[in-house]
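Following: one structure in structure tokens, then a few remarks.
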Amino acid sequence: MKLFIVESPTKAKTIAKYLGNDWVVKATLGHIKDLPENELGIDLETLEPRYVWLKGKRKILDSIKRLAKRAKKIYIGTDPDREGEAIAYFIKEELSKINRYLYRAIFYEVTKYAILKAVETSGDINLNLVHAQFARRILDRLIGYRLSPFLWRDLGGRGLSVGRVQSPALRLIVERERQIQGFKRRKYYYLKVEFEKNGVSFFAVLNQRFEKASNAEPYLKKLKDVMFVVKQIAKNTQKEVPPKPFNTVSLQAEGSRKLGLSVDNVQKIAQRLYEDGHITYPRTDSYRINKQKAEEFMSFIEKAYGKEYVGKLRSYRDKPLAQGAHECIRPTNLNKKPRGELDLKLWHLITSRTLASLSSDALREKTIVKLYPLTEKDLEFVAEGLKTLFDGWTKLYTTEVKEKPLPYLEEGELLKPKRAYIEEMQTEPPPRYTEGTLVKTLERLGIGRPSTYATIVKTLKSRGYVIVDRGYLKPTEIAFRVVDYLTERFPKLMDYTFTKDMEDHLDYVEEGKEDWKLVVIESYRKVLNESNKG
DNA sequence: CAGTGAGCGAGCTTCCGCTTGACTT
């Protein structure tokens, strides 16, 4: 008997099918050890961490150990990234006393070929990766557990918290709120003319903006009973490329927007869909799609919508921070629909998005018509039209593009306006973040990971830092004080590039070029605003 | 002698990231 160990039980089931009868596949359910929760767990002299059993994991490892005793060979197939390597390290620590035929198997997709190849080419644990995880973990712990007490002491709030991820996230929300508070709405005015021809009405706007309505009025007077001339008609067609398939962040953003749920809820439903076998792994930062599946989906598009709706297989460049084996979030089987109203809705969203991503470009024709009043040849009015020539992917996935119809027009043509008027407009402040836009912004800044985006939002809520107001995140009084305090005291931590700097150093650790303890010391010193003190 | 207050010690909130089922209401 041979033993194969992974993190996810769903993955374990799949892999068990690929391997033969003499294999047993077991899952750890993620990390098995971590720093203790109720103390720092780090020796401040040596930086040595004290990793302890996570709740319930000793039992899981015990059952794996029993199998390990009888196994001829053991393959550790945890995820091919920093966290997965650390899990592998702790598994090895437990099993190496029992069985010396231990190997690290690495695969980047869950297919039979990739699994067999991983077994064949298996090697040993990469300690550099493990050390990078130690550095990441310990730095996060130091920041969280050593800085939070400053807030308790100086702001007098029980349970306030500081974190490498949550604090910059909170800063985003507070900064946006300040922009909104400081925003002065300004009114401005446009001169507009409405025309109607062949039952189609359309608008032309003077290409000039007025600060006061009174400045526009003399122009309006001149237009009374004046005919307009079509001076120029320019058309151009625009290609609209399909959206990418979903990753965790885009699913959370789109799902919460379209279904009116919190990102946490969207993630929960996605997890259920995954466990029931309806979709691929829901915690991923990749847009990559399995080639075979993509071809299957494309032939479905051809059958259901026609050949002209089939697009091409696009390759997306994953962000440099993207780690791991997973592909995009997509349906596993187009014919297998989930039960349950919300499950079905989210599955439909995922399915139509996936199909749209493999569909053809939409073609739109934009028309720009320039007109002038007969008596005022120097004034230029502009009318715009937008027409869909071919709907392409938008047939499969809803978009919010509005058509702007124009009647047939010819250059030199005379038109009689239906009415002319001054339209009052107002500058608007930027909107507050929604859960979805916050998570998107964090992803863009490289802050947080697919498994934690939903939790970040939850933490900010449960600390009393933000409340949800009509779907928008509104910071509380204490949030302002926390952000001001941290910005004053620990500016480096509040810098949005802190995580990126850390990641750069961790890359060096992973390449064996830098000592992990030095990375922790250097980064933590920067946070504390210290330069050379021990 | 009773009440007051300084001083001390014990107990206490907190991080990010990986993964679900086993709990209770």
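Numbered from 1 within each chain, the chains take letters A, B, ... in sequence-line order.
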Mind checking ring pair (Phe, Tyr, Trp, His ring centres under 6.0 Å) for [X] and listing every partner two or more places apart, or none if nothing turns up?
X: A:Tyr281; result: A:Tyr274, A:His326
X: A:Tyr472; result: none
X: A:Phe498; result: none

| According to a strict under-4.0 Å criterion, is A:Arg164 in side-chain N/O contact with OP1 or OP2 of B:dG17? | yes
| For B:dG17, does either OP1 or OP2 sit under 4.0 Å from a side-chain N or O belonging to A:Thr452? | yes
| said: Go through it in stages, so that I can follow the logic: the residues are A:Arg104 and A:Thr78, the test is side-chain hydrogen bond (donor to acceptor under 3.5 Å, both in side chains), and I'd like the CA-CA distance, side-chain angles, deciding distance and then a yes or no. | reply: CA-CA 8 Å; A:Arg104 171 79 167 114; A:Thr78 47; 3.2 Å; yes
| message | Ring-plane angle category for A:Tyr75 and A:Trp23, please: parallel below 30°, perpendicular beyond 60°, tilted otherwise. | response | tilted
| Under 3.5 Å donor-acceptor pair, A:Arg141 side-chain atoms to B:dC16 base atoms | no
| task | Test for a donor-acceptor pair under 3.5 Å between the base of B:dC16 and the side chain of A:Arg449, counting only N and O atoms. | result | no
| field | Which residue lies more 5' along DNA chain B, comparing A:Arg283 with A:Val165 via nearest heavy atoms | value | A:Val165
| task | Tell me what A:Gly448 touches on the nucleic acid: a base, only sugar-phosphate, or nothing, going by heavy atoms under 4.0 Å. | result | sugar-phosphate
| message | Heavy atoms only, 4.0 Å cut-off, all strands: where does A:Thr78 land among base, sugar-phosphate and nothing? | response | nothing
Less than 4.0 angstrom from a charged side-chain N to a carboxylate O is my criterion; do [X] and [Y] meet it?
X: A:Asp140; Y: A:Arg136; result: yes
X: A:Glu341; Y: A:Lys345; result: yes
X: A:Asp469; Y: A:Arg432; result: yes
X: A:Glu175; Y: A:Arg178; result: no

| task | Begin from the C-alpha positions of A:Asp495 and A:Thr497 and carry the test side-chain hydrogen bond (donor to acceptor under 3.5 Å, both in side chains) through to its verdict. | result | CA-CA 5 Å; A:Asp495 189 332; A:Thr497 63; 3.0 Å; yes
| note | Within residues 267-282 of chain A, those residues having any heavy atom closer than 4.0 Å to DNA chain B are A:Gln271, A:Tyr274, A:Glu275, A:Tyr281
| How many Å lie between CZ on A:Phe134 and C1' on B:dC15, as a whole number? | 17 Å
| Taking NZ from A:Lys458 and C1' from B:dG17, how many angstroms apart are they, rounded to a whole number? | 14 Å
| What string of B, S and - do you get for nucleotides 8-14 of chain B, 5' to 3', if B is base contact, S is sugar-phosphate-only contact and - is no contact with any protein heavy atom under 4.0 Å? | -----BB
| Given B:dT20, B:dG17, B:dC16, which nucleotide is nearest the side-chain atoms of A:Ser451? | B:dG17
| task | Grab the stems for DNA chain B, please: at least three consecutive Watson-Crick or wobble pairs, both distances below 3.5 Å, written as range with range. | result | none
| request: Check the side chains of A:Tyr51 and A:Glu93 for a donor-acceptor pair under 3.5 angstrom, ignoring hydrogens and angles. | output: no
